[in-house]
There are 2 protein chains.
Amino acid sequence: MEPGPPKFRRRKADRPTEILGAALAVFAEKGFAAARLDEIARRAGVSKGALYLYFETKEDIFRAVVGQVIAPNMVAVKAMAAAHPGPFPDLIRRVAVAIAQVAQTSPLSAVAKMVLGEARNFPELARVWHDDLVSQALEAISGAVKAAQARGEIKPGDPRTFALQFISPLLVAMMWRETFVPVGAEPFDLSRLMSQHVETLLHGLLVAETRS
Amino acid sequence: MEPGPPKFRRRKADRPTEILGAALAVFAEKGFAAARLDEIARRAGVSKGALYLYFETKEDIFRAVVGQVIAPNMVAVKAMAAAHPGPFPDLIRRVAVAIAQVAQTSPLSAVAKMVLGEARNFPELARVWHDDLVSQALEAISGAVKAAQARGEIKPGDPRTFALQFISPLLVAMMWRETFVPVGAEPFDLSRLMSQHVETLLHGLLVAETRS
DNA sequence: AGCTAATAACTGACTGGTCAGTTATTAGCT
DNA sequence: AGCTAATAACTGACCAGTCAGTTATTAGCT
């Protein structure tokens, strides 16, 4: 009787991340309710029962997936906030490039879409996403705007609104990519979009005296 | 034996719209999968079986709800496109007010969020929404931008990107309202947001010579 | 080193509840 | 009386979560 390859391997340490990777993919494709635990398990190369060795419930897996994406992006936000306090145009151009980069290389847009879609059924998830990530990013930008206004670099106006104006096109382009590109819509080039956007915005934000 | 109020009324003509109204509310609250046909029926003042006199399946109801919102908004888009071809600033300010109005008084944002959330499971819905509404609105704005560029009123640059820049903050503010305000976030005043946004955008879009 | 007992990761068949969709029947209209 | 909108009880499929049993791995002993 040849033993053959073993039916499974014991890899306690790696399982959780593998499961969360598979779960991210399935949740992103189907949404929370339509996602099947059997499929998550299959993609993770594991039985359904094994999921329950590491997570309590389906919701628990969902929370973990969403939470996992926050931490690395918080690093980006912190870096943004710590960016050198030079002239506003330099700062904002730098931030735009960094944000576009993150948007293109992380599962951020897929998770953002999930949070939007499931916010009603998981209010506490929307709260975490808002408190730990979105509002902090928004405040970081608002703070930079306020400082630049104090220096007389840019026009008066609600800083929070300016911040929203700044990031909105990127967010919409991300949603566009997730929603309409799969059905044949023309995608937006995020980097090109952001550079055109920043220049447009700047020449509206900059007061006449400081314009180069 | 008093007859009392009749158990039900036969109102074949009114039922479909009543059902769709109830369905819109439930779908908007719960999303497609978590919405219960029993609840839709209850809110429509009807039994579950009655739903099947007017619609084939749950998906069919969902499609009808989404489709119903398109028509009235197409009117708005058409009106936008037909707006007088005067100076670009006048046009864009008018359109901004009109759009903010629609966003505040119609179930547009709720349905938009539904379409985003369920796009993966209903690609043909994303397609209808895009082809019949979103892309037409975007093209209407792009057309106005292109015309203004031809007249030398505004700077060169990708018109479709300008169009996206124009509507993005409104869309994001709508999603913000649907997602984060229920968990305690500060809402954005759509009208104020749009007026600040348009002015910021204009003074970046307008070339120096035509600036007032 | 080889053998065995103990441990813990993992499986997969099962269940209890839920819910979309069906159907036999009743109530209201003309 | 005849017709049909509408009901309410029913069914069958589906799926999150469970658990008794199986298999890989490790520890302990000689």
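We name chains A, B, ... by the order of the sequence lines, and we start the count at 1 in each one.
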Q: Without swapping roles, check the side chain of A/Trp129 against the backbone of B/Phe180 for a donor-acceptor pair under 3.5 Å.
A: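 Here the side-chain-to-backbone pair does not exist.
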**Q.** B/Phe32 backbone acceptor or donor facing B/Lys58 side chain under 3.5 Å
**A.**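 Yes, the answer is positive, given that a donor and an acceptor are paired below the 3.5 Å cut-off.
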Sidechain N-carboxylate O distance under 4.0 Å for [X], [Y]:
X       : Y       : value
B/Glu29 : B/Arg43 : yes
A/Arg15 : A/Glu18 : yes
A/Arg42 : A/Glu39 : yes

Q.
Please verify the inter-ring angle class for A/Phe62 with A/Phe27; under 30° counts as parallel, over 60° as perpendicular, anything in between as tilted.
A.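 A/Phe62 vs A/Phe27 ring planes: perpendicular.
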In whole angstrom, what separates [X]'s [atom1] from [N]'s [atom2]?
X       : N      : atom1 : atom2 : answer
B/Ile19 : D/dA6  : CD1   : P     : 8 Å
A/Phe55 : D/dA16 : CZ    : P     : 16 Å
A/Ile61 : D/dC15 : CD1   : P     : 16 Å
B/Asp38 : D/dC10 : CG    : C1'   : 13 Å
B/Leu53 : C/dT26 : CG    : C1'   : 14 Å

Q. With respect to the side chain of B/Arg36, which nucleotide from C/dA20, D/dA6, C/dT11 is positioned closest?
A.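 Minimum distance to the B/Arg36 side chain belongs to C/dA20.
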Q. How far does NZ of A/Lys113 sit from NZ of B/Lys113, to the nearest 0.5 angstrom?
A.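 If we round to the nearest 0.5 Å, A/Lys113:NZ and B/Lys113:NZ are 13.0 Å apart.
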Q. At what distance, to the nearest 0.5 angstrom, does OG1 of B/Thr179 lie from CG of A/Leu116?
A.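 Reported value, rounded in 0.5 Å steps: 4.5 Å.
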Q) Hey, does B/Ala33 reach any base, or is it just sugar-phosphate, or nothing, if we go heavy atoms under 4.0 Å? A)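 Nothing, no nucleic acid heavy atom in range.
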(Q) If a pair means Watson-Crick or G-U wobble with both distances below 3.5 Å, what does DNA chain C look like in dot-bracket form, with | marking bases paired to a different strand? (A) ||||||||||||||||||||||||||||||
Between N or O atoms, less than 3.5 Å apart, protein on one side and nucleotides 21-25 of chain C on the other: list the pairs.
residue: C/dG21; atom: OP2; partner: B/Tyr52; partner atom: OH; Å: 3.0
residue: C/dG21; atom: OP2; partner: B/Lys58; partner atom: N; Å: 2.8
residue: C/dG21; atom: O5'; partner: B/Tyr52; partner atom: OH; Å: 3.4
residue: C/dG21; atom: N7; partner: B/Lys48; partner atom: NZ; Å: 2.9
residue: C/dG21; atom: O6; partner: B/Lys48; partner atom: NZ; Å: 2.9

Q. Do any side-chain nitrogens or oxygens of B/Tyr54 fall under 4.0 Å of OP1 or OP2 in D/dA5?
A.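 No, outside the criterion.
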Q) Would you find more than 12 non-hydrogen atoms of other residues, nucleotides or ligands less than 6.0 Å from B/Glu124 atom CD? A)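 Buried by this count: over 12 neighbours within 6.0 Å.
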